[in-house]
Number of protein chains: 2
Amino acid sequence: MSEQTLLQFVKSPPICVSLSIADVDSDFLGITPKHYPPDTVFDRQGDTRPRVFIIKSGWVCISRHLSNGNRQIIDVPLAGDVLFIPSLDGGGANSLTSLSEVSVFEISGQVFRKALDRHPMLSALFSRIIARQHSIAVERLTSVCRRNALERTAHYLLELGERLGAAGAITEHGYSCPLTQHDLADVLGLTQIHINRILRELRERELVSFRAGTVEFLSRPKLVNLAGFEGGYLHYNWTYGLHQIGASRQASHHPPARKTFKT
Amino acid sequence: MSEQTLLQFVKSPPICVSLSIADVDSDFLGITPKHYPPDTVFDRQGDTRPRVFIIKSGWVCISRHLSNGNRQIIDVPLAGDVLFIPSLDGGGANSLTSLSEVSVFEISGQVFRKALDRHPMLSALFSRIIARQHSIAVERLTSVCRRNALERTAHYLLELGERLGAAGAITEHGYSCPLTQHDLADVLGLTQIHINRILRELRERELVSFRAGTVEFLSRPKLVNLAGFEGGYLHYNWTYGLHQIGASRQASHHPPARKTFKT
DNA sequence: CGCAGACTTGAAGATTATCAACCACCGTGG
DNA sequence: CCACGGTGGTTGATAATCTTCAAGTCTGCG
């Protein structure tokens with residue numbers, strides 16, 4: 001990929017910190033995306049070659065495998081999300097695995113670095129992306145520390161809804177989601193068995209239903225209330241902050257193509 | 001502060017991602033630091049004015065107050081650490097509180113932005129700092145999710161040791177630490193009472209002693225083993241990654257002034 | 001059919017939280 | 001000087017939450 005295309009890529013107005021899904025949909029990057037079937041590890045823990053991945057479609061998880069055999073899912077990036085590897089994680093300590101059919105753009109660190117050197121304002125934009133990912137991680141950290149399994153699960157299902165909404169991948173009452181109960185457990189720091197009971201309770205209390213790959217909100221207001229959910233940390237209305245630098249030169253001209261639930 | 005001084009500030013070779021403590025010690029920034037007594041909230045949750053803080057000395061905590069009255073400590077930045085507010089957190093959702101006597105540099109977002117616009121390679125450097133903070137958050141997330149209270153506490157005390165080591169603030173066998181048991185609980189997602197018992201166990205098993213503001217390693221190898229501690233995520237030997245861009249122009253000329261424990 | 005993966009359920013056990021005291025230290029005001 | 005209150009730490013008893021073990025069910029698919 002040439003530097004020119006990368007610049008063009010960023011100039012086409014990004015939504016806040018994720019990319020406009022329309023932009024990712026077209027193959028404007030000038031490189032053809034790679035396709036992977038579900039359950040493919042396409043970036044193995046320990047690989048330290050710097051790269052950038054941009055998810056075109058499908059579900060991916062960033063996971064960490066501990067010495068005791070446990071797995072921790074750090075995040076589940078969605079279509080339009082940008083991943084910096086390995087700067088994001090503990091230095092090549094994470095793996096990327098497809099959870100569904102996915103197609104991703106992969107850009108070598110060398111090319112990316114060159115482009116950044118030439119067009120330094122990109123750097124500000126990308127630090128904005130990292131800051132957002134940090135913000136999401138911080139939210140999950142407090143969730144895991146200070147919310148019980150029920151609230152935590154509710155909170156996460158709401159988060160996924162918001163993020164998918166930004167990618168235009170929601171229906172009126174919910175969204176489809178290829179995560180297994182085991183995956184969900186590894187995201188939330190619980191066991192699959194416990195998640196199972198929690199999901200049952202959420203269903204029985206008529207809050208959300210997570211079944212057969214479909215999440216359906218039964219009473220979103222009650223759910224928001226239970227979880228104490230406030231979507232601000234997702235930065236979908238990022239209007240303040242240091243990170244306007246650079247990015248401010250390329251003001252957003254058309255509104256992002258996304259739906260959002262009313263809170 | 002002029003842009004010139006900010007540039008100079010960054011040119012004086014930073015250690016990886018924290019600043020050389022020697023650099024922060026001198027008042028080279030050209031601004032006088034502010035001093036706060038312990039337990040002062042010097043940046044309140046909800047304040048969205050963008051700013052950068054650099055900690056000159058003392059202990060600070062970044063905390064979040066939830067609606068249910070709980071507090072979650074996101075991180076405990078130490079001398080030499082750089083804080084971007086509010087881009088770091090969920091958008092002004094966090095507070096900064098001094099845990100000891102502290103002195104901090106405060107730079108307005110406006111000044112900072114101007115400097116970044118002029119010298120875009122700064123941006124790469126600072127995104128490197130954010131990436132490191134993210135990496136620390138990710139490590140704590142997995143710690144909280146997949147390590148029990150004993151391992152988690154051990155891990156955190158080791159982390160603090162490493163980070164203080166980089167700031168030159170450790171003795172041969174440990175370090176001094178103003179955190180109360182309650183603070184520690186809020187970092188690790190436990191209750192003060194439980195932390196108390198955990199600390200007792202760590203002491204009785206002759207691993208670490210946390211008492212009277214002093215942390216003393218009784219058997220660091222055993223502790224490392226218990227916690228499964230690997231310091232890589234702290235990025236003290238950051239030699240790879242996208243973030244060499246820009247920063248690579250200002251190669252490190254003198255080695256960082258820091259001590260590190262042997263593992 | 002028969003197998004495999006995902007999900008479900010029950011029972012028992014470990015971990016952590018909650019409630020309720022109590023101690024020890026320290027600075028303050030009488 | 002001592003009584004006093006406040007904060008931080010300690011301990012025990014009990015309860016809630018979550019995990020582990022064990023045994024299923026359901027469903028899609030070769």
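Chain letters run A, B, ... following the sequence lines, proteins first, then strands; residues in each count from 1. Computed from heavy atoms alone, side chains included, the values below leave out hydrogens, waters and symmetry copies.
A/Q181 has a side-chain polar atom (N or O) that falls below the 4.0 Å cut-off from OP1 or OP2 of C/dT8. Between A/N196 and C/dC7, a side-chain N or O to OP1/OP2 separation shorter than 4.0 Å is absent.
For the 3.5 Å distance criterion, the side chains of A/S63 and A/S95 fail to qualify, holding no donor opposite an acceptor.
Proximity note for A/R203 (side chain, C-beta onward) versus D/dC18, D/dT10, C/dT8: the nearest is C/dT8.
Across the protein-nucleic acid pair, B/R211 atom CZ and D/dG8 atom P stand 17 Å apart, rounded to whole Å. In this structure, the NE2 atom of B/H182 is 15 Å from the P atom of D/dT10, given to the nearest Å. In this entry the distance linking NE2 of B/H194 with P of C/dT18 reads 12 Å, nearest Å. Rounded to whole Å, atom P of C/dC7 lies 9 Å from atom CG of A/L199. In this structure, A/L190 places its CG atom 19 Å from P of D/dA16, rounding to the nearest Å. Between A/R146 atom CZ and C/dT18 atom C1' there is a gap of 14 Å when expressed in whole angstrom units. Atom pair A/L150:CG and D/dT17:P shows a separation of 10 Å (rounding to whole Å applied). Going from atom CG of A/D39 over to atom P of C/dG5 covers 11 Å, rounded to whole Å.
Side-chain N/O atoms of A/R197 and base N/O atoms of D/dT20 include a donor-acceptor pair closer than 3.5 Å.
Within the nucleic acid shown, A/I193 comes within 4.0 Å of at least one base atom, counting heavy atoms only. At a threshold of 4.0 angstrom between heavy atoms, the contacts of A/G213 with the nucleic acid are absent. The residue B/N148 sits close only to the backbone: its heavy atoms come under 4.0 Å of sugar-phosphate atoms, none of a base.
Nearest heavy atom pair, residue B/D75 against residue B/R140, reads OD1-NH2, 3.4 Å. Between B/A154 and B/A227, the shortest heavy-atom contact is CB-CB, 3.9 Å.
Not a single donor-acceptor pair under 3.5 Å links the side chain of A/R71 to the backbone N or O of A/R64. A donor-acceptor distance shorter than 3.5 angstrom exists from the side chain of A/Q133 to the backbone of A/V82, with no hydrogens or angles considered.
Residue order along DNA chain D, read from the 5' end via each residue's closest nucleotide, puts B/R200 first among A/R152 and B/R200.
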